[in-house]
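Worth saying up front: this structure is predicted, and the values here are computed from it rather than measured.
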Amino acid sequence: MKSSEERLFNYIKKKLPKNVSFIDRIAEVLNISYDAAYRRVSRKTALNLTETLKLANHYNIDLNTLLLSTKNDNKKIVVEKTHHLIEENFLQTFFDKSTNEIKNLQQSKGALLINSLKDFPLYHAGNGFFSMFRIFALINISSRNSKTKKMPFSEFTTSSKILKKHNTFLKEYNKVALIEIWSDSSIDNILNQIQYFFEIGLITKSESLMIADSLVDSLKLIEEQAKNQKRNHSKNSYQLYHNNLVPLLNTVLMQSENQKNIFVPYTNLSYFRVSDENTTQQIEQHFKTQIEFSNNLSGDASVERQKFFNTLYQKIENRKTRLSFSTNDALNPVF
């Protein structure tokens with residue numbers, strides 16, 4: 001049976017180009033001499049725990065693969081939280097972490113993101129009125145500050161730092177090859193948020209209608225990508241599927257020739273990051289099952305695509321009509 005060190009070095013070798021010196025890279029990451037790195041690679045000197053973790057983190061290698069090696073261990077996996085603490089600056093952390101993940105992914109060949117969408121994804125919100133409302137809603141819902149929770153949308157501003165990180169986040173996610181699975185209810189949460197903040201008086205009727213119109217604009221951009229089967233800001237592919245049969249859970253799979261990572265939500269914009277090979281294979285198979293029971297809305301599937309987006313546009317119009325004739329009294333959801 002291979003030792004954990006041997007498995008670690010083998011995984012690192014697979015990630016390195018053939019023209020790169022393996023020992024040089026180990027020395028560089030660990031900040032040690034060539035001779036010291038050689039002794040570790042040849043197992044004359046054992047890696048300590050700090051060095052093992054440093055190499056695993058640098059090369060994005062799953063600790064499950066290194067530490068759990070028996071059949072019974074398949075029931076146990078090591079996961080990583082994308083957020084250690086849910087703090088007021090969580091949005092900055094989310095943008096930073098997400099941007100770094102997608103940049104790392106795109107450094108490898110065959111980079112692909114697969115998303116099973118229970119809710120409308122933040123990376124599709126764009127830079128308009130709808131996008132600002134998304135940021136407003138996320139901060140309001142997650143904040144423990146009473147002043148923040150009472151602030152109306154008309155007075156809401158966000159820092160230039162957050163906007164810059166948000167724009168960088170959008171830029172990176174608008175380039176990657178993408179497969180998405182949507183259902184008819186994938187925009188319901190957004191519509192409910194618009195309605196909720198209108199009901200409690202934090203957005204006006206005119207603002208709520210403008211947000212809804214901006215949501216339509218975002219959906220039209222998605223529809224265009226599905227028609228063209230490519231991203232609007234790159235030549236990478238885009239595939240859209242419609243599924244009302246298999247539950248969608250906002251689970252994300254990032255994969256390339258060298259890696260597979262699963263992101264499973266556990267709180268608002270917080271995820272468990274899973275790299276365990278067995279688990280990622282199971283989730284990948286689950287995605288294939290979802291797609292098998294889905295309608296392809298991309299390319300030549302113009303009729304199915306039009307039917308799906310018309311359903312979403314009609315939901316938005318129904319909600320706009322309801323809002324237009326309502327005061328800030330409690331409303332009942334209408335889809």
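- More than 12 heavy atoms of other residues, nucleotides or ligands sit less than 6.0 Å from atom CD of Gln281.
- Ring pair Phe156/Phe133: centre-to-centre distance not below 6.0 Å.
- When every heavy atom of Asn115 is checked against every heavy atom of Pro121, the shortest pair comes out as ND2-CB, 4.4 Å.
- Between the side chain of Ser142 and the main chain of Ile139, no donor-acceptor pair closer than 3.5 Å is present.
- Residues Gln239 and Glu180 have side chains that never bring a donor and an acceptor to within less than 3.5 angstrom of each other.
- Looking at Ser214, its side chain never comes within 3.5 Å of a backbone N or O of Met210 through a donor-acceptor pair.
- For an aromatic pair to be called close, the ring centres must be under 6.0 Å apart, and Tyr241 with Phe287 fails this.
- Remark: the Gln259 side chain and the Asn261 side chain contain an N/O donor-acceptor pair separated by less than 3.5 Å.
- In Asn310, the CG atom is crowded: over 12 heavy atoms of neighbouring residues, nucleotides or ligands sit closer than 6.0 Å.
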| task | Determine, stepwise, if the pair Ile291 / Asn243 fulfils side chain to side chain contact (heavy atoms under 4.5 Å, CB included). | result | CA-CA 8 Å; Ile291 291 173; Asn243 188 318; over 6 Å; no
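- Using modelled atom types, one side-chain atom of Arg43 and one backbone atom of Val41 make a donor-acceptor pair closer than 3.5 Å.
- Atom NZ of Lys227 has 12 or fewer neighbouring heavy atoms from other residues, nucleotides or ligands inside a 6.0 Å radius.
- Looking only at atom types and distance, the side chain of Asn189 has a donor-acceptor partner in the side chain of Gln193 under 3.5 Å away.
- Taking a cutoff of 4.0 Å between a charged side-chain nitrogen and a carboxylate oxygen, Arg40 and Glu5 do not qualify as a salt bridge.
- Between Glu51 and Lys54 there is no salt bridge, since no side-chain N of the basic residue sits under 4.0 Å from a carboxylate O of the acidic one.
- Using a cutoff of 4.0 Å between basic side-chain nitrogens and carboxylate oxygens, Lys260 and Glu284 are scored as salt-bridged.
- Between the side chains of Asp184 and His242, at least one donor N or O sits under 3.5 Å from an acceptor N or O.
- Both the sub-6.0 Å distance and the 45° axial angle are not jointly satisfied by Lys15 relative to the ring of Tyr59.
- Tyr173 and Tyr123 have parallel rings, their planes meeting at less than 30° on a 0 to 90° scale where 60° marks the start of perpendicular.
- For the 3.5 Å distance criterion, the side chains of Thr279 and Asp276 qualify, holding a donor opposite an acceptor.
- Linking Ile, Leu, Val, Met, Phe, Trp and Tyr whenever their side-chain heavy atoms come within less than 4.5 Å puts Tyr34 and Leu47 in one cluster.
- Using a 4.5 Å heavy-atom threshold, the side chains of Leu221 and Ser218 count as separate.
- By the criterion of side-chain heavy atoms lying less than 4.5 angstrom apart, applied directly or through intervening Ile, Leu, Val, Met, Phe, Trp or Tyr residues, Phe22 is grouped together with Tyr38 in one hydrophobic cluster.
- Side-chain contact between Leu297 and Trp182 is absent, with no heavy atoms from C-beta onward closer than 4.5 Å.
- No side-chain donor from either of Tyr196 and Asn140 sits under 3.5 Å from a side-chain acceptor of the other.
- Salt bridge Lys220/Glu223: absent, no basic N to carboxylate O contact under 4.0 Å.
- Of all the heavy atoms in Ala125 and Arg134, the pair that sits closest is CB-CG, 4.1 Å.
- Checking side-chain atoms of Arg319 against main-chain N and O of Leu191 turns up a donor-acceptor pair under 3.5 Å.
- With hydrogens and angles left out, the side-chain atoms of Gln92 and Asp96 include no donor and acceptor closer than 3.5 Å.
- Annotation for Lys230: atom NZ does not count as buried by contact number, only 12 or fewer foreign heavy atoms lying within 6.0 Å.
- Two different hydrophobic clusters hold Leu117 and Val246 under the rule that ILVMFWY side chains link at heavy-atom gaps under 4.5 Å.
- Phe293 and Ile114 are not part of a single hydrophobic cluster, where members link through side-chain heavy atoms under 4.5 Å apart.
- Taking every heavy atom of both residues into account, Glu207 and Leu202 meet most closely at OE1-O, 4.3 Å.
- More than 12 heavy atoms of other residues, nucleotides or ligands sit less than 6.0 Å from atom NZ of Lys149.
- Nearest heavy atoms, Ala226 versus Arg305: CB-CD, 3.8 Å.
- Of the candidates Phe198, Phe136, Phe130, Phe136 is the only one forming a ring pair (Phe, Tyr, Trp, His ring centres under 6.0 Å) with Phe153.
- Put simply, Ile141 and Ile200 are part of the same group of oily side chains (I, L, V, M, F, W, Y) that touch within less than 4.5 Å, one to the next.
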